Amino acid sequence: MSEAVLRLAAVERRYRTEAGELPVLRGAELALQAGEIVALVAPSGTGKSTLLHLAGLLERPDGGEVLVEGRAAGTLADQARTAIRRTTIGFVYQFHHLLPEFTAEENVVLPQLAAGTARGPARERARALLASFGLRGREHHRPGRLSGGEQQRVAIARALANRPRILLADEPTGNLDVGTAGLVFDELLQAVRGQGLAALIATHNPELAARMDRTVTLRDGRVVEA
């Protein structure tokens, strides 16, 4: 088997509280291959968001390591982790977090500029992505003029803008009505499969989880097959 694009190796994470130290992850192990879409289904409070933050290099593990394309990355300095996130990892959250003062196109252009892409190619990439999500003609609308489903489509396009190898999503359709959620999830899966990404998608929806390649959960701070 080829080297995993993303691997969590014996990852530990603890938080300090007034009552003392709270262990959340206790030696969590997970490997994602290119082209594999994995559902993360677990009750609230078991560490789903913590796992995603560690996988996405937003937090450092207290033990173990996060390897991205075979490179130990979880314990790198902040600047080095940021550089890897910009080029290799895309994020989609439950709430779109679009910048309200910028248009849909500009929201997809900005991360590309931050990664060093020239404005012209960045605009072309943004327009192509938005069109692929059915947003042709909506490129110059600000988020306030877009529906909830359209806003989340822009957020997915933004996550894919820098051609990441890994996509992490935390309840990406959890803020949408059932009908819109299904459509947006269809488009997300199509985009991820079309680009051969390794994806870890947290969801409470068993029907959505069933459409992915496999499902994992968290139990006593460890990742287990569901």
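Note that this is a predicted model, so its numbers are computed, not measured.
- Of the possible polar contacts, none joining the R142 side chain to the T103 backbone as a donor-acceptor pair under 3.5 Å is found.
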Start with the C-alpha distance between L98 and Q151, add both sets of side-chain angles, then the distance that settles side-chain contact (heavy atoms from CB on, under 4.5 Å), and finish with yes or no. CA-CA 8 Å; L98 299 176; Q151 290 172 353; 4.1 Å; yes
Could you check E105 against R123 for salt bridge (Lys or Arg N to Asp or Glu O under 4.0 Å), going step by step and ending with a plain yes or no? CA-CA 7 Å; E105 180 181 298; R123 290 179 65 186; 3.3 Å; yes
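- Between the side chain of E139 and the main chain of G137, a donor-acceptor pair closer than 3.5 Å is present.
- Applying side-chain contact (heavy atoms from CB on, under 4.5 Å) to E69 and the options T88, I84, I166 leaves one that passes, T88.
- In this structure the side chain of L167 reaches within 4.5 angstrom of the side chain of L160, judged on heavy atoms.
- Distance check: L168 CG to L51 CG gives 9.0 Å after rounding to the nearest 0.5 Å.
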Hey, mind stepping through R136 and L130 against side-chain contact (heavy atoms from CB on, under 4.5 Å) and telling me if it holds? CA-CA 6 Å; R136 183 177 281 111; L130 291 170; over 6 Å; no
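- No donor-acceptor distance shorter than 3.5 angstrom exists from the side chain of R14 to the backbone of V24, with no hydrogens or angles considered.
- A donor-acceptor pair is defined here as one N or O able to donate and one able to accept, closer than 3.5 Å; no such pair exists between the side chain of N107 and the backbone of V154.
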Evaluation steps, side-chain contact (heavy atoms from CB on, under 4.5 Å), between L8 and V223: CA-CA 10 Å; L8 276 61; V223 180; 5.8 Å; no
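- We find the CG-CD1 distance between L188 and I156 to be 4.5 Å, quoted to the nearest 0.5 Å.
- Side-chain contact between L40 and T217: absent, with no pair of heavy atoms (C-beta onward) separated by less than 4.5 Å.
- In this structure, the separation between CD on E59 and OH on Y15 is 3.5 Å, given to the nearest 0.5 Å.
- Between the side chain of T82 and the backbone N or O of D78 there is at least one donor-acceptor pair closer than 3.5 Å.
- The CD atom of Q152 sits 12.0 Å away from the CZ atom of F185 when rounded to the nearest 0.5 Å.
- Between R193 and D213 there is a salt bridge, with a side-chain nitrogen of the basic residue lying less than 4.0 Å from a carboxylate oxygen of the acidic one.
- Note on R214 versus E225: salt bridge recorded, some NZ/NE/NH1/NH2 to OD/OE distance being below 4.0 Å.
- V92 and P172 make their closest contact through CG1-CB, 3.8 Å (heavy atoms, listed as atom of the first residue, atom of the second, distance).
- Not a single donor-acceptor pair under 3.5 Å links the side chain of D170 to the backbone N or O of A202.
- No donor-acceptor pair closer than 3.5 Å links the side chain of K48 to the backbone N or O of V41.
- No salt bridge links R145 with E150; every basic N to acidic carboxylate O contact stays at or beyond 4.0 Å.
- For the atom pair CG of L57 and CZ of F91, the computed distance is 7.0 Å after rounding to the nearest 0.5 Å.
- Side-chain contact between L183 and R153 is present, with at least one heavy-atom pair separated by less than 4.5 Å.
- Between the side chains of T75 and E65, at least one donor-acceptor pair of N or O atoms lies under 3.5 Å.
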Hey, mind stepping through R158 and H97 against side-chain contact (heavy atoms from CB on, under 4.5 Å) and telling me if it holds? CA-CA 11 Å; R158 178 182 59 187; H97 297 303; 4.2 Å; yes
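- Summarising the geometry, atom CG belonging to L197 is positioned 8.0 Å from atom CD1 belonging to I37; distances are rounded to the nearest 0.5 Å.
- Panel note: side chain N205, backbone E207; a donor-acceptor pair is recorded below 3.5 Å.
- The main-chain N or O of Q33 is found under 3.5 Å from a side-chain atom of E36 such that the two form a donor-acceptor pair.
- Put simply, the side chain of R60 reaches to within 4.5 Å of the side chain of R81, judged on heavy atoms.
- Of the possible donor and acceptor atoms, one in the side chain of Q112 sits under 3.5 Å from a partner among the backbone N and O of V108.
- Under a 4.0 Å N-O distance rule, the pair R222/E29 does not qualify as a salt bridge.
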